[in-house]
Colleague: 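Just passing along the structure, written as structure tokens.
Read the numbers this way: they start at 1 and go in the same order the structure lists the ligands and their atoms.
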Amino acid sequence: MTVPQSQTPGTAPETLRATLANFATGVTVITTRDPGGRPFGMTVNSFNSVSLSPPLVLWSIALSAYSLPIWRAAAGFAVNILSEDQGDLCRRFASDAEDRFAGIDWTPGLDGLPVLPGAAAVLECRFWQRHPGGDHEIMLGEVIACTQAGHVPLVYCQGRLGGLRVA
Ligand SMILES: Cc1cc2nc3c(=O)[nH]c(=O)nc-3n(C[C@H](O)[C@H](O)[C@H](O)COP(=O)(O)O)c2cc1C
């Protein structure tokens, strides 16, 4: 089978972003508490597994993110892996809404981290290490609890949201 190809030389940010958009990912809302104790979260698809023993996961945040100081000050974070019908939460937690949690249902998990009901799975983490990563900062967390709800996960690919059904 011949696969149509689009080749653009170089690694300009737009080219790299468009190329990486072909890598299908899940979608998470990573949550924490801000220094005032208020729930805070942002949409993240750079989430990935790292290690089983110790249990480690990672995600990365743009150095330009307004919320970077909140994450640098936080003791932990919860990874809410969104389910197929939570596309609205994906958009809400990537928006510049002043309070992304306004009108959003959540419950406190271990350490009081905000957990979003209806997520496909949740991993509650304590910060392990932070590493420089170019124009991003890589956040490593130690998983202290994980739960799965059995919902179909939300998928993000080529700038579009969809569901995934595995036979
Ligand atoms: C599907 C999707 C995935 C995203 N993944 C990331 C990510 O991994 N890291 C990141 O820094 N921003 C990511 N973003 C962008 C942030 O959610 C968005 O910039 C957010 O508004 C940042 O908030 P802040 O500037 O208020 O901190 C993603 C957005 C979307 C829609």
Colleague: Can you find an N/O atom of Ile61 closer than 3.5 Å to an N/O atom of ligand 1?
Modeller: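 No; the residue has no nitrogen or oxygen that sits under 3.5 Å from a nitrogen or oxygen of the ligand.
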Colleague: Which residue supplies the protein heavy atom nearest to atom 26 (O) of ligand 1, what is that atom called, and how far is it?
Modeller: Arg100 NH2, 2.9 Å
Colleague: Could you check whether any side-chain N or O of Ser83 sits under 3.5 Å from a backbone N or O of His151, counting only pairs where one atom can act as donor and the other as acceptor?
Modeller: no
Colleague: Could you work out, with side chain to side chain contact (heavy atoms under 4.5 Å, CB included) as the rule, every residue matching Cys146, not counting sequence neighbours?
Modeller: Leu123, Val143
Colleague: So, the side chain of Thr32 versus the backbone of Gly76: is there a donor-acceptor pair under 3.5 Å, distance only?
Modeller: yes
Colleague: Backbone N or O of Gly36 within a donor-acceptor pair of the Asp34 side chain at under 3.5 Å?
Modeller: yes
Colleague: Check the hydrophobic clustering (I, L, V, M, F, W, Y; side-chain heavy atoms under 4.5 Å; chains of links allowed) and say if Phe101 and Val115 are grouped together.
Modeller: no
Colleague: Using a 3.5 Å cut-off on N or O atoms only, is Ser46 in polar contact with ligand 1?
Modeller: yes
Colleague: Do you see a protein non-hydrogen atom under 4.0 Å from atom 19 (O) of ligand 1?
Modeller: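 No, no protein heavy atom sits under 4.0 Å from atom 19 (O) of ligand 1.
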Colleague: Could you work out, for atom 27 (O) of ligand 1, the closest of Ala94, Ser67, Gly41 by heavy-atom distance?
Modeller: Ser67
Colleague: Any chance the rings of Phe127 and Phe77 have centres within less than 6.0 Å?
Modeller: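 Judged by ring-centre distance (under 6.0 Å), Phe127 and Phe77 do meet the cut-off.
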Colleague: Please state which part of Ser64 comes within less than 4.0 Å of ligand 1, counting heavy atoms only: side chain, backbone, both or neither.
Modeller: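 Neither; nothing of Ser64 gets under 4.0 Å from ligand 1.
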Colleague: Once you restrict to heavy atoms under 4.0 Å, what part of Tyr156 touches ligand 1? Side chain, backbone, both or neither.
Modeller: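 It is the side chain that gets close, since no backbone atom is under 4.0 Å.
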Colleague: Which hydrophobic side chains are connected to Leu16, either touching it within the sub-4.5 Å cutoff or through other members that do?
Modeller: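 Listed partners: Leu20.
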Colleague: Taking 4.0 Å as the limit for heavy-atom contacts, which would you say applies to Glu98 with ligand 1: side chain only, backbone only, both, or neither?
Modeller: neither
Colleague: Regarding ligand 1, does Thr43 bring an N or O atom to under 3.5 Å of one of the ligand's N or O atoms?
Modeller: yes
Colleague: If only atom types and distance count, is the side chain of Arg100 paired as donor or acceptor with the main-chain N or O of Gly41 below 3.5 Å?
Modeller: yes
Colleague: Looking at atom 11 (O) of ligand 1, what's its closest protein heavy atom, distance included?
Modeller: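 The closest one turns out to be Ala62 N, 2.9 Å.
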Colleague: When you measure from atom 12 (N) of ligand 1 to every protein heavy atom, which one gives the shortest distance, and what is it?
Modeller: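 Heavy-atom neighbour on the protein nearest atom 12 (N) of ligand 1: Met42 CE, 3.4 Å.
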Colleague: Could an N or O of ligand 1 be found under 3.5 Å from any N or O of Ala65, whether backbone or side chain?
Modeller: no
